[in-house]
Amino acid sequence: MSLAGLCALALLAQAPVTSASPASLAPVPPASAVPASLSAPQAPVPLPGPVRENGWKPLTPEQRAALIADQAETPLAERLLGMSEKFLNTPYVLSPLGEGQGVDPDPPFRLDAVDCLTFVEETLALGLARGEPEVPTLLERIRYANTPAYEDRNHLMEAQWLPNNIKKGLLADVTRRYAKDDVVAVTKTLTPHTWQSKSSLALQLPRERQPLGTFTLNMIPLEKVLAHARNVASGTILVVLREDLPLKATRVTHLGFVVQKKKRTYLRHASKGPYNRVVDEDLETFLARNARYDKWKVTGVSLFEPRRPPASFAAQPAPSEKSAAAGTP
């Protein structure tokens with residue numbers, strides 16, 4: 001399975017995976033609309049030094065609890081940078097989380113393995129929590145529409161994960177804030193035909209739980225991302241979109257956090273290849289690699305700002321779509 005397929009499967013199902021073959025990414029001729037820096041062949045450069053353990057492993061349970069509770073009311077972006085930094089070097093494992101039973105018996109929480117989506121979800125839960133007891137509830141709010149059941153999980157990014165978390169006040173679409181007139185509206189349409197494909201059937205969703213309809217996202221075209229990247233605030237979630245294929249249930253195949261440091265813009269993300277761990281990767285390098293994918297072309301990115309919900313959010317029953325409160329930065 002290709003890298004694109006692995007990332008897409010992780011974002012689609014987060015279900016158990018039994019095998020995967022190495023990624024195969026072939027360079028393509030430069031496109032006239034794409035800057036040379038994004039289209040020139042370039043081999044990914046491995047990070048220097050040996051792979052070290054992540055920042056969570058050395059902590060005792062008491063130290064971890066103290067870290068989560070410490071300065072819980074600081075600005076959310078600062079909290080997210082601190083929590084996500086602890087995940088650096090965490091091994092990439094496709095679909096490491098589940099419900100602990102049923103279709104996906106993987107554990108509902110862990111700090112020793114992540115994929116691109118669970119890295120973001122767990123970072124959000126840890127950053128939003130005012131204490132460790134709130135983390136499981138917050139993670140459920142992020143991963144599920146209402147109840148922590150496989151069929152109620154936010155499997156599809158455009159149709160479920162993004163709109164549900166926006167309605168709950170946990171995210172805000174800020175793509176147009178940063179790219180203004182360079183933003184274009186794109187759609188993903190899910191039809192009964194979509195749900196007949198092999199990748200869609202792999203979700204094992206009953207027909208009544210298969211989303212249908214057209215879902216819209218704001219997108220910065222790939223060739224214009226670097227023009228706006230330096231202005232994007234650290235802690236913003238960057239979502240990668242590919243071209244719309246009718247038999248694919250999503251266009252979103254990757255996501256991570258924007259990190260500004262040393263006058264450069266980085267993407268902090270769980271990378272299947274070439275790193276197989278959580279890294280801070282120079283965004284220009286990341287985009288250049290994405291621009292060369294030819295079998296399922298990357299078209300651009302969307303940007304989302306995490307929001308802090310009301311203080312009672314972690315203690316209340318899961319909100320319905322109509323009762324979700326707006327969050328604050």
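Just so you know, residue 1 is the first one in the sequence shown, and it goes up from there. Atom set for the values below is all heavy atoms of this structure, side chains included, hydrogens, waters and symmetry mates excluded.
- Counting heavy atoms from C-beta outward, L139 and P108 have side chains that stay 4.5 Å or more apart.
- Residue pairs satisfying the side chain to side chain donor-acceptor pair (under 3.5 Å) criterion with at least one member in residues 229-239, sequence neighbours excluded, are listed as follows: R230-Q260.
- A distance-only check finds a donor-acceptor pair linking the side chain of E158 to the backbone of R251 [under 3.5 Å].
- Atom CD1 of residue I220 and atom CG of residue L303 lie 4.5 Å apart, to the nearest 0.5 angstrom.
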message: L97 vs D106, test: side chain to side chain contact (heavy atoms under 4.5 Å, CB included). Steps then yes/no.
response: CA-CA 5 Å; L97 300 186; D106 287 325; 5.6 Å; no

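- Neither V259 nor L226 shares a network with the other; the hydrophobic side chains, linked directly or stepwise wherever heavy atoms of I, L, V, M, F, W or Y lie under 4.5 Å apart, form separate groups for each.
- To the nearest 0.5 Å, the span separating OG on S199 from NZ on K248 amounts to 5.0 Å.
- Side-chain contact between L247 and S200: absent, with no pair of heavy atoms (C-beta onward) separated by less than 4.5 Å.
- The two residues W161 and I142 come nearest to each other via the heavy atoms NE1-O, 3.8 Å.
- K86 places no side-chain N or O within donor-acceptor distance of the main-chain N or O of K57, the cut-off being under 3.5 Å.
- Within the 4.5 Å cutoff, side-chain heavy atoms of S302 are placed close to those of L241.
- Rounded to the nearest 0.5 Å, atoms NZ (K168) and CD1 (I166) are 12.5 Å apart.
- R308 places no side-chain N or O within 3.5 Å of a backbone atom of P75 that could act as its donor or acceptor partner.
- The list of ring-ring contact (aromatic ring centres under 6.0 Å, His included) pairs with a residue in residues 183-206, not counting sequence neighbours, is empty.
- Here the side chain of R277 pairs no donor or acceptor atom with the backbone of N89 at under 3.5 angstrom.
- Residues F313 and L170 have side chains in contact (heavy-atom distance under 4.5 Å, counting atoms from C-beta outward).
- Checking side-chain atoms of N54 against main-chain N and O of L111 turns up a donor-acceptor pair under 3.5 Å.
- Using a 4.5 Å cut-off between side-chain heavy atoms of Ile, Leu, Val, Met, Phe, Trp and Tyr, with links allowed through other members, V298 and V232 fall into the same hydrophobic cluster.
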task: Begin from the C-alpha positions of V114 and V278 and carry the test side chain to side chain contact (heavy atoms under 4.5 Å, CB included) through to its verdict.
output: CA-CA 8 Å; V114 292; V278 178; 3.5 Å; yes

- request: Evaluate the criterion side chain to side chain contact (heavy atoms under 4.5 Å, CB included) for residue pair Y266 and D282; output intermediate values, then yes/no.
  value: CA-CA 4 Å; Y266 294 83; D282 187 280; 4.2 Å; yes

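- The shortest distance between side-chain heavy atoms of K272 and L94 does not fall below 4.5 Å.
- Across G273 and S271, no two heavy atoms sit closer than the pair O-OG, 2.9 Å.
- Here salt bridge (Lys or Arg N to Asp or Glu O under 4.0 Å) pairs that include residues 62-75, with residues two or more places apart or in two chains, are R64-E132.
- Proximity of K180 to H228: side-chain heavy atoms (C-beta onward) are nowhere separated by under 4.5 Å.
- Side-chain atoms of K188 come within 3.5 Å of backbone N or O of L245 as a donor-acceptor pair.
- V93 and F87 sit in two unconnected hydrophobic clusters of ILVMFWY residues. Membership requires side-chain heavy atoms under 4.5 Å apart, directly or through other members.
- Annotation for K261: atom NZ counts as buried by contact number, over 12 foreign heavy atoms lying within 6.0 Å.
- At a threshold of 4.5 Å between non-hydrogen side-chain atoms, the residues F286 and V240 count as touching.
- Checking side-chain atoms of E122 against main-chain N and O of R110 turns up a donor-acceptor pair under 3.5 Å.
- Each of T250, T253, T299 was checked for a side-chain hydrogen bond (donor to acceptor under 3.5 Å, both in side chains) with R242, and the lone residue meeting it is T253.
- Two different hydrophobic clusters hold I68 and L81 under the rule that ILVMFWY side chains link at heavy-atom gaps under 4.5 Å.
- Partner S84 forms a side-chain hydrogen bond (donor to acceptor under 3.5 Å, both in side chains) with one of R268, H269, R79 and no other, that one being R268.
- L201 and L156 fall into different hydrophobic clusters, where Ile, Leu, Val, Met, Phe, Trp and Tyr residues are linked whenever their side-chain heavy atoms come under 4.5 Å apart, directly or through other members.
- The minimum heavy-atom distance linking P274 with R289 is given by the pair CD-CZ, 4.0 Å.
- Shown here for V120 and G256, the closest heavy-atom pair between the two residues is CG2-CA, 4.1 Å.
- Interatomic distance, CD1 of I237 versus CG of L267, reported as 11.0 Å (0.5 Å rounding).
- Looking only at distances, no side-chain donor or acceptor of D152 sits under 3.5 Å from a matching main-chain atom of Y144.
- A pairwise comparison of heavy atoms in P306 and L124 identifies CB-CD2, 3.8 Å as the closest pair.
- Between L238 and F257 there is no side-chain heavy-atom pair separated by less than 4.5 Å.
- Separating the CG atom in L88 from the CH2 atom in W56 is a distance of 11.5 Å, to the nearest 0.5 Å.
- A distance-only check finds a donor-acceptor pair linking the side chain of Q210 to the backbone of L205 [under 3.5 Å].
- Checking E140, Q160, E99 one by one against R153, the side-chain hydrogen bond (donor to acceptor under 3.5 Å, both in side chains) holds for a single residue, E99.
- Distance check, rounded to the nearest 0.5 Å: CG of D244 to NZ of K297 gives 14.5 Å.
- Looking at T189, its side chain never comes within 3.5 Å of a backbone N or O of T214 through a donor-acceptor pair.
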task: For side chain to side chain contact (heavy atoms under 4.5 Å, CB included), just list the numbers for R143 and T118, CA-CA rounded to whole Å, side-chain angles, deciding distance to a tenth of an Å, and then say yes or no.
output: CA-CA 9 Å; R143 283 176 58 78; T118 59; 3.8 Å; yes

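- In terms of heavy-atom proximity, Q204 sits nearest to Y150 at O-CE2, 4.3 Å.
- Residues Y293 and E243 bring no donor and acceptor atom of their side chains to less than 3.5 Å of each other.
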query: Hey, mind stepping through Y275 and Y92 against ring pair (Phe, Tyr, Trp, His ring centres under 6.0 Å) and telling me if it holds?
result: CA-CA 9 Å; Y275 308 111; Y92 181 103; over 10 Å; no

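- Applying the salt bridge (Lys or Arg N to Asp or Glu O under 4.0 Å) test between D182 and each of K224, R176, R177 identifies K224 as the sole match.
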